[in-house]
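Remember, predicted model here, so these are calculated numbers, not experimental data.
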2 protein chains.
Amino acid sequence: MTQQLTEQQKELIEKIGVFHEQNGMQPLMGRILGLLLVLDDAEATFDEIIDYLKVSKSAVSTALNFMQIKKQVAYRTKPGERKRYFYLTIKHWERDVEKELLHIVEIKNLFKDVIAVRGDKKPEVNQSIHELCLFLEYLNTRIPVLFENFKKMLNKPQG
Amino acid sequence: MTQQLTEQQKELIEKIGVFHEQNGMQPLMGRILGLLLVLDDAEATFDEIIDYLKVSKSAVSTALNFMQIKKQVAYRTKPGERKRYFYLTIKHWERDVEKELLHIVEIKNLFKDVIAVRGDKKPEVNQSIHELCLFLEYLNTRIPVLFENFKKMLNKPQG
DNA sequence: AAGCCAGTTCACTTTTTGGTGAACTAAAAA
DNA sequence: TTTTTAGTTCACCAAAAAGTGAACTGGCTT
């Protein structure tokens, strides 16, 4: 029998799950993220996940495979054991946050298409869309700088 | 009869719709966004939306109300006419982009909760989460600066 | 070679979502 | 006052998403 989760842990898993659900992630995946964050050893086997979250094998299998493709989750095995210990690839949080930032910028291409298609009946509107595109382009150039400067700040604090 | 959309316009509406759908927006709302972006006069009445997008009154009513609450859409009336001309509040794109950036930062609070709950069995994991929080805090402070510097750049180009 | 372990696959069920149509409402027009 | 216009509400329906359970697979163990 797998160890019990505290009430606190359960609540937090749920909150994390709901947060990710609202961001378009499938419910179970959000809870697996929460579970692996909240567990002291930051990993769990297939059967432990089933046990903790009270879901079926197939649901867990599907969710984990998807999350592995998306590089959110990986697994290791312990010598002599066959079962997989799944864990979050949280050490690559930079890559993930960068992806989120780039995603904001992504819509720029659609706005460019919009500009190409629009007539000039409403110049103020065209101007707004144009400015937005300029900003997104600017933001795009600043993303790497944000990470660089953050690292600098970490090394020499109060800089 | 409402004027016909060109193939190009239809395609672009669909692309914009799909993009927003994948970001958790309801399908019809995404297409309304696309429609109002693509139309030369950047506005449409209730019945025109029904006509262009081939959907029911109730669907449009629900979608528009929601989008008005979210401040994505507003309407005006023309003197002497009763019907509403709905348009995108695109001139407030700064507010919207800022909201998206803040949304990335939002998860910081959950990670803080995670840190509070986690034991110290896996210090590397705790360290990663901690660094992530620091970065999100840093990003949070940089968001207003991004907009400020963009505006400066607009005023004196190549600066 | 027989059985087991750790997961996978797939047909099916349940739940959620998105949308429809008809009846309704409030304000303006006739 | 009745009708029309412009939109709203709500009970219902269809489709899509999410999850279940049972049968299956492929590598290890005995």
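Rounded to an integer number of Å, the gap from B:Ile49 CD1 to D:dG7 C1' is 12 Å. For the pair A:Asp51 CG and C:dA6 C1', the computed distance is 15 Å after rounding to whole Å. Look at NZ on A:Lys54: it is 16 Å from P on D:dG19, rounded to the nearest Å. The interatomic distance linking B:Ile50 (CD1) with D:dT5 (P) rounds to 15 Å, in whole Å.
Near DNA chain C, meaning a heavy atom under 4.0 Å from it, residues 33-47 of chain A has A:Phe46 in order of number. Taken residue by residue, residues 9-28 of chain A places no heavy atom nearer than 4.0 Å to DNA chain C. Non-hydrogen atoms lying under 4.0 Å from DNA chain C are contributed by A:Asn65, A:Arg82, A:Lys83, A:Arg84, all within residues 63-88 of chain A.
Taking the six-membered ring where tryptophan is involved, the planes of B:Trp93 and B:Phe150 are perpendicular, since the angle between them exceeds 60° and thus also 30°.
Across all strands, A:Val60 comes closer than 4.0 Å to no nucleic acid atom at all (heavy-atom distances).
For the pair B:Phe66/B:Met29, a side-chain contact is recorded, criterion being any heavy-atom separation below 4.5 Å from C-beta on.
The neighbour count for B:Tyr75 OH, taken as heavy atoms of other residues, nucleotides or ligands under 6.0 Å away, does not exceed 12. The environment of NZ in B:Lys71 is sparse: at most 12 heavy-atom neighbours from other residues, nucleotides or ligands sit within 6.0 Å. Heavy atoms of other residues, nucleotides or ligands lying less than 6.0 angstrom from OH of A:Tyr138 number more than 12.
Within the cation-pi definition used here (under 6.0 Å to the ring centroid, within 45° of the axis), B:Lys78 qualifies as a partner of B:Tyr85.
Separating the NZ atom in A:Lys10 from the CG atom in A:Leu5 is a distance of 6.5 Å, to the nearest 0.5 Å. We find the CZ-CZ distance between A:Arg76 and A:Phe86 to be 12.5 Å, quoted to the nearest 0.5 Å.
Checked by atom type and distance alone, the side chain of A:Ser128 pairs as donor or acceptor with a backbone atom of A:Glu124 at under 3.5 Å.
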For this session: Show your working on side-chain contact (heavy atoms from CB on, under 4.5 Å) between B:Lys83 and B:Thr77 and close with a plain yes or no.
Result: CA-CA 6 Å; B:Lys83 50 185 186 267; B:Thr77 49; over 6 Å; no

For this session: Tell me, with the steps shown, if B:His130 and B:Phe135 meet ring-ring contact (aromatic ring centres under 6.0 Å, His included).
Result: CA-CA 9 Å; B:His130 176 65; B:Phe135 179 78; over 10 Å; no

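Contact of B:Ser58 with C:dG21 (side chain to base): a donor-acceptor pair of N or O atoms is detected under 3.5 Å.
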